[in-house]
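When reading the values below, keep in mind they use all heavy atoms of this one structure, side chains included, and skip hydrogens, waters and symmetry mates. No experiment lies behind these values; they were computed from the predicted model shown.
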Amino acid sequence: MAVLDYSYLDLYLPRGTPREAARQMLTEHAEHGDWELERLRLYPDGSRRVRLRRKIIRAARTM
């Protein structure tokens, strides 16, 4: 039986980062690192905090 756990990556995108640049960066993380978007927070000043996660599968010992 495998135990499912997650690894997290927090990113900060400063104010003024173009939407297309942010999209491209997140797409590259998803395609090449198997990351998925867990949360994206957009602040009033225009900055963004992004939390990505990916599965860590650890094999449990059998006997």
Side-chain angles (χ1 to χ4, degrees):
M1 181 176 191
V3 177
L4 185 63
D5 199 10
Y6 289 98
S7 174
Y8 294 94
L9 176 64
D10 291 322
L11 302 172
Y12 173 76
L13 302 174
R15 178 180 138 200
T17 302
R19 181 180 285 206
E20 180 61 25
R23 184 200 60 78
Q24 184 178 3
M25 182 187 69
L26 295 175
T27 300
E28 288 176 10
H29 277 291
E31 290 179 353
H32 301 293
D34 294 329
W35 294 98
E36 61 185 33
L37 182 65
E38 183 187 56
R39 174 174 292 163
L40 186 139
R41 297 192 73 187
L42 177 61
Y43 292 99
D45 68 351
S47 64
R48 298 175 184 95
R49 292 227 183 246
V50 180
R51 175 170 266 198
L52 303 174
R53 72 179 186 181
R54 66 178 167 189
K55 293 178 186 176
I56 299 174
I57 300 173
R58 294 189 178 108
R61 288 186 175 206
T62 57
M63 305 196 71

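- Between the side chain of S47 and the backbone N or O of Y43 there is no donor-acceptor pair closer than 3.5 Å.
- For the residue pair A21 and T17, the shortest heavy atom distance occurs at CB-CG2, 4.4 Å.
- With contacts defined as side-chain heavy-atom distances shorter than 4.5 Å, the pair Y6/K55 qualifies.
- Atom CG of L37 is separated from atom CG of L11 by 10.0 Å, given to the nearest 0.5 angstrom.
- For the side chain to side chain contact (heavy atoms under 4.5 Å, CB included) criterion with T27, the lone passing option out of Q24, M25, E31 is E31.
- The distance from atom CZ of R39 to atom CG of D10, rounded to the nearest 0.5 Å, is 10.0 Å.
- The CZ atom of R53 lies 11.0 Å from the CG atom of D5; values are rounded to the nearest 0.5 Å.
- Across all their heavy atoms, A22 and R48 have their closest contact at CB-NH1, 4.3 Å.
- In the hydrophobic clustering of ILVMFWY residues, with side-chain heavy atoms under 4.5 Å counting as a link, V50 and L42 come out apart.
- Residues L9 and H29 come closest through the heavy atom pair CD2-CE1, 3.9 Å.
- With R51 contributing its side chain and Y8 its backbone, the two residues share no donor-acceptor pair below 3.5 Å.
- In terms of heavy-atom proximity, I56 sits nearest to S7 at CD1-CB, 3.5 Å.
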